[in-house]
Amino acid sequence: MNRADRLFHLHGILRSARRPVPFDTLCGRLEVSRATLKRDIRYLRDHMEAPILYDRRHNGYRYDPDAPEFELPGIWFNESELHALLATQQLLDSVQPGLLGTSIGLLKTKVRKLLGEGGQRAELVASRVSLQPMAPRRTNFEVFGQLSGAVFNQRPLTITYHGRERDAPGSRNIHPYRLVHYRDNWYVVAYCDQAKALRTFALDRIRRVRPAATPFHDASDSDLDHHIGAGFGIFTGAARAWAVLRFTAERARWVADERWHPDQIGRWVDGAYELQVPYSDSRELVMDILKYGPDVEVVAPPELRRQVAARLQAAAQRYPDRQA
């Protein structure tokens, strides 16, 4: 236990004690020598002005019950929390490099210093925690900053958006409500003046952002939650159908532990695993089904079953038998 950990735990013991805690009890609970405990008590009392009283009768210590409630100054974390903070910072850098770099830079420095006092090396976090995003698309940092500022400050924007479906740029007035990080990429949920409805825009397809001179169109949290979470995947909106997927027993060892949707239904049927998920748009769902190949069958609805079958047949035609 490093010094920061010891002071943190010593403070917790004394703060919760109703009577003086014997010196030997403190040594045992903190797993330190008598000399180390004396130094820690002296440090708390002299440098942090903790109201520690010595009780000769019990040969123990407690906080003065008549003194104002004492808290450790600054930010205090135990060793595991410090490592978790550094791992979280690495995660933030992976999600969006520089997202909070300026804001938490000083905290990161303090965390590294506290770990160093305990003989720990902060560099171990970077070498022993590996984050490997899958197919992230590049997001313009300036666009991200403008969108996040508009979300938090409720400001309408005019964006130039180059959607992949139409493969053509266009101008839209949007009222951004939420940033969504989904499958290693960023999206913004906003009300679109042109569509007169909620829409989801991929940040990597936004080419330009500027303020819009229109009143902000507000939306309720319940409407946003329903829009985002009603159907499968990033294609938001009210679910229009339920997919019934049946996985082989072998593949079920993985799928049965996965969460595809908050409202999903899973059950075992004759040794196979049946998964039911709601969806509003089948495009992303079809791609996820195809990656399981022969290990999954679309039971329902018929429309989805035909779509997947057609894609599998088209894929098979790309692999003609060259021996024929």
Side-chain angles (χ1 to χ4, degrees), residues 94-96 132-139 144 147 159 161-170 172 174 176-192 195 197-206 223-248 251-252 254-266 273-316 318:
S94 174
V95 168
Q96 179 65 30
Q132 300 182 7
M134 179 64 181
R137 299 188 294 268
R138 183 176 300 177
T139 300
F144 185 93
L147 260 297
I159 64 172
Y161 190 73
H162 192 145
R164 290 185 173 85
E165 193 73 21
R166 298 179 181 177
D167 196 22
R172 294 171 178 261
I174 66 169
Y177 303 127
R178 291 186 184 177
L179 288 170
V180 178
H181 189 252
Y182 175 74
R183 294 193 174 186
D184 294 320
N185 290 289
W186 283 102
Y187 301 83
V188 61
V189 176
Y191 180 84
C192 176
L198 291 172
R199 290 290 185 265
T200 301
F201 301 95
L203 261 65
D204 63 287
R205 306 305 293 177
I206 297 177
D223 287 344
L224 292 171
D225 290 340
H226 181 72
H227 177 77
I228 295 172
F232 176 86
I234 198 58
F235 291 105
T236 48
R240 63 177 181 85
W242 279 75
V244 181
L245 313 175
R246 189 165 295 172
F247 294 86
T248 62
R251 185 54 53 192
W254 285 266
V255 178
D257 293 328
E258 295 175 354
R259 187 189 188 203
W260 288 40
H261 190 274
D263 297 329
Q264 71 183 42
I265 300 171
Y273 182 73
E274 185 178 279
L275 177 67
Q276 301 181 31
V277 293
Y279 68 95
S280 59
D281 188 304
S282 64
R283 285 173 290 177
E284 184 180 356
L285 181 58
V286 167
M287 289 191 293
D288 276 355
I289 294 171
L290 290 174
K291 72 182 182 182
Y292 289 100
D295 293 323
V296 63
E297 176 190 0
V298 178
V299 178
E303 176 189 1
L304 181 63
R305 182 180 176 92
R306 287 193 294 269
Q307 288 179 2
V308 172
R311 298 295 294 175
L312 288 172
Q313 291 167 3
R318 290 186 175 273

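For the numbers below, each heavy atom of this structure counts, side chains included, while hydrogens, waters and symmetry mates do not. The first residue of the sequence shown is numbered 1, and numbering continues consecutively from there.
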Inset, instruction - Taking the side chain as every heavy atom from C-beta outward, state whether Arg199 and Ile174 have any pair of such atoms under 4.5 Å apart. - result: no

Inset, instruction - Ignoring hydrogens and angles, tell me if any N or O in the side chain of Arg305 forms a donor-acceptor pair with the backbone of Ala300 under 3.5 Å. - result: no

Inset, instruction - Report yes or no: does Tyr161 contribute a side-chain atom to a donor-acceptor pair with the main-chain N or O of Ala202 at less than 3.5 Å? - result: yes

Taking atom [atom1] of [X] and atom [atom2] of [Y], what is their separation to the nearest 0.5 Å?
{"X": "Tyr292", "Y": "Trp254", "atom1": "OH", "atom2": "CH2", "result": "10.5 Å"}
{"X": "His162", "Y": "Asp167", "atom1": "NE2", "atom2": "CG", "result": "4.0 Å"}
{"X": "Arg306", "Y": "Gln313", "atom1": "CZ", "atom2": "CD", "result": "12.5 Å"}
{"X": "Arg205", "Y": "Leu203", "atom1": "CZ", "atom2": "CG", "result": "12.0 Å"}
{"X": "Ile265", "Y": "Trp242", "atom1": "CD1", "atom2": "CH2", "result": "4.5 Å"}
{"X": "Gln307", "Y": "Leu290", "atom1": "CD", "atom2": "CG", "result": "10.0 Å"}

Inset, instruction - Run the numbers on Val296 and Arg251 for side-chain contact (heavy atoms from CB on, under 4.5 Å), then give the verdict. - result: CA-CA 8 Å; Val296 63; Arg251 185 54 53 192; over 6 Å; no

Legend entry - Stepwise side-chain contact (heavy atoms from CB on, under 4.5 Å) check, His227 with Thr200: CA-CA 9 Å; His227 177 77; Thr200 301; 3.7 Å; yes

Heavy atoms only: give me the nearest [X]-[Y] pair and the separation to one decimal.
{"X": "Asp223", "Y": "Leu198", "result": "O-CD1, 4.2 Å"}
{"X": "Ser280", "Y": "Arg240", "result": "O-NE, 3.1 Å"}
{"X": "Pro294", "Y": "Thr248", "result": "O-CG2, 4.2 Å"}
{"X": "Asp204", "Y": "Arg138", "result": "CB-O, 3.2 Å"}
{"X": "Pro301", "Y": "Tyr279", "result": "CG-OH, 3.3 Å"}
{"X": "Cys192", "Y": "Phe201", "result": "CB-CZ, 4.2 Å"}

Inset, instruction - Mind checking side-chain contact (heavy atoms from CB on, under 4.5 Å) for Arg183 and listing every partner two or more places apart, or none if nothing turns up? - result: Phe232, Glu284, Asp288

Inset, instruction - If the plane angle is over 60° it's perpendicular, under 30° parallel, otherwise tilted; pick one for Phe144 and Trp186. - result: perpendicular

Inset, instruction - Carefully, step by step, assess Leu245 and Val255 under the rule side-chain contact (heavy atoms from CB on, under 4.5 Å). - result: CA-CA 11 Å; Leu245 313 175; Val255 178; over 6 Å; no

Legend entry - Arg164 atom CZ, neighbour heavy-atom count above 12 within 6.0 Å: yes

